[in-house]
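Data first, discussion second: the structure below is written as structure tokens.
Source: prediction; values computed, not measured. Order of listing sets the numbers, starting from 1, for every ligand and every atom in it. Only heavy atoms go into these numbers, but all of them, side chains included; no hydrogens, no water, no symmetry mates.
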Amino acid sequence: MLRVRPEKIARMSDEATTPRMETAGSDGHGRRDRSPREANKDERPSRAEVSNFEIVDHWFTLAADRLEIRDDVRAVLSSSYREVQVQIPASLSDGKIHVFSGYRVQHNGARGPYKGGIRFHPDVDLDEVRALASLMTWKTAIANVPYGGAKGGVNCDPKKLERGEVEKIARSFMDKIEKVLGPTRDIPAPDVGTNAQTMAWLMDEYGKLHGHAPAIVTGKPIALEGSYGREAATGRGVVHMMEQAAKSAGVKLNGASIAVQGYGNVGSWAARLATELGCKLVAVSDADGAIRNDDGIDADLLHQQVSEGRTVPEFEDADAIDPADLLATECDVFIPAALGGMIHEANADKVNCKLIVEGANSPTTPAADSILADKGVFVVPDVMANAGGVIVSYFEWVQNLQHFRWTEDEVNERLGNIMRAAYEAVADRAEKDDVSMRVAAYAIGIERVLEAARLRGYLTDTRVPAGD
Ligand code: NAD
């Protein structure tokens, strides 16, 4: 008999009671595909119209089906604990007040304080932040770091704002959400469009109200109690996953060709560290375009130029290509490291690699995932592949709480140990249950969250009883 103490668990949000999308059929592997088929028919190179929340909810549902989780428990796990939306009016250099929307969504805190990045991007909305918060719950559980899942964002475009304007928005956002944050409550980190400088402003603003509290955010600059190795961590983790998966995918890493979509923090670190292992970077894109050079692109030089303010297509020692053709580049490993929904039903068939390691969050729609499975492409899913960032964020938080600093070697070694353990656990489970790495990863994440909820006394039983 299930007993849920509703006052202790999440309130039921609209998703919990809203009927799900029509099932689009089975892909022949027993996986029901709930992604809207009509939305992605065009040949757009950019993002699919399937929403980020629908993508995460789809994988959650597949794993919950396998685990025979009861509907009322699913309703708790598929909705957020708390969703905060705030208005951020800011006077900008055009002399006008611009009103931005800021969000912080706390999805599930059974395993520890909420943890998740803050995104500054014009496409940010509640659906996206909600999806990314849920993803963080499963990601922290799979990596086995003691956190729950959260995410935040502001729908501003930092590329069109002056530095002082970004600072103003960041500080105002912190002022409005600080009541739901705290070093033992909810700890933000960088994501798309934010970086160590943004984290420094957020920490400083929080400190004005609460005193110096470096553990309030992670991903800070080294000079402000940031951790060695945090900046590279997500890309480094992606490369660990690539190394682990190479054998199963039939890829020989020394000399392997890689293509990278998005050359920001995650993409550029993954590319630079992969080339250190002997891989050859053959194609890269960013929001402004794409380039290709089958003889190899100098990942360090490209990074240097991008950090000086140039775009990827401005790189001289490569040919400009249509960004839509990046996916079609023949290569061993493709690393999506930009935004969600970039590999969708209309372009997945073009994918021409053996292995995809998902650096970005939700880069692949469910329909695209089925196409990739049919093509025999081995996929290491986002929910484990890009966990390196939150793992080293955890190390940073631990160092901040102890006021003690680890060396970069210590950080990197511990990161490698956790990534390898996560990969082995998921690969074993995928083999045992005869499911994809993604479904196996979600199943492990869900089980760990449920165990924590049970031990706290929030739930007694979660499975559908036999004969129900
Ligand atoms: P970033 O802002 O540093 O870089 C994003 C990159 O994507 C930029 O090069 C941008 O030009 C590019 N981009 C944007 N739109 C594009 C498009 N349509 N086509 C090709 N490229 C495009 O962000 P980041 O921190 O590197 O994050 C990238 C992805 O990784 C996101 O999905 C993020 O959620 C995920 N992620 C980041 C971290 C982290 O620690 N930073 C951790 C886990 C997951």
State whether the side chain of Arg236 and the backbone N or O of Ala232 hold a donor-acceptor pair below 3.5 Å, judged by distance alone. no
Numbered atoms and elements of ligand 1 in range of Ser285, under 4.0 angstrom, heavy atoms: 20 (C)
With Arg111 as the cation and Tyr147 as the aromatic partner, state whether NZ or CZ is under 6.0 Å from the six-membered ring centre and within 45° of the axis. no
Aromatic ring proximity Trp406/Tyr228, centre distance under 6.0 Å: no
Return the option from Gly359, Ser362, Ala387 holding the heavy atom at the smallest distance from atom 36 (N) of ligand 1. Gly359
As a check for students: among Val266, Leu135, Thr311, identify the option with a heavy atom nearest to atom 37 (C) of ligand 1. Val266
Please say whether Asn265 places an N or O atom under 3.5 Å from an N or O atom belonging to ligand 1. yes
Under 3.5 Å: N/O of Lys139 near N/O of ligand 1: no
Enumerate the residue pairs fulfilling side chain to side chain donor-acceptor pair (under 3.5 Å) with a member in residues 440-450, sequence neighbours excluded, ordered by first and then second residue. Arg429-Glu447
Main chain of Arg420, side chain of Asn417: is a donor-acceptor contact present, judged purely on distance under 3.5 Å? no
May I ask you to check whether Tyr263 has an N/O atom sitting below 3.5 Å from an N/O atom of ligand 1? yes
Does ligand 1 come near enough to Ala287 that some N or O of the ligand is less than 3.5 Å from an N or O of the residue? yes
Atoms of ligand 1, numbered as shown, that sit under 4.0 Å from any heavy atom of Met342: 17 (C), 18 (N), 19 (N)
So, Glu358 side chain and Asp382 main chain: donor-acceptor pair closer than 3.5 Å or not? yes
Donor-acceptor check, side chain of Ser362 to backbone of Ile55, threshold 3.5 angstrom: yes or no? no
Counting heavy atoms only, name the option from Ala338, Ser393, Gly340 that's nearest to atom 32 (O) of ligand 1. Ala338
Closest to atom 28 (C) of ligand 1 among Ala233, Ala337, Pro363 (heavy-atom distance): Ala337
Nearest to atom 2 (O) of ligand 1 by heavy atom, Gly264, Gly193, Pro158: which? Gly193
Under the 3.5 angstrom rule, does the side chain of Asn400 hit a backbone N or O of Glu225 as a donor-acceptor pair? yes
Strictly by salt bridge (charged side-chain N to carboxylate O under 4.0 Å, His left out), give each pair with a member in residues 131-153 just once, sequence neighbours left out. Lys151-Asp191
State whether the shortest distance between N or O atoms of Gln261 and N or O atoms of ligand 1 falls below 3.5 angstrom. no
I'd like to check which ligand 1 atoms, numbered from 1 as shown, lie under 4.0 Å from a non-hydrogen atom of Leu339. 15 (N)
Decide whether an N or O pair under 3.5 Å exists between Asn386 and ligand 1. no
Run the numbers for me: atoms of ligand 1, each under 4.0 Å from some heavy atom of Arg230, listed by number. 40 (O)
Does the side chain of His107 come within less than 4.5 Å of Tyr81's, by heavy atoms? no
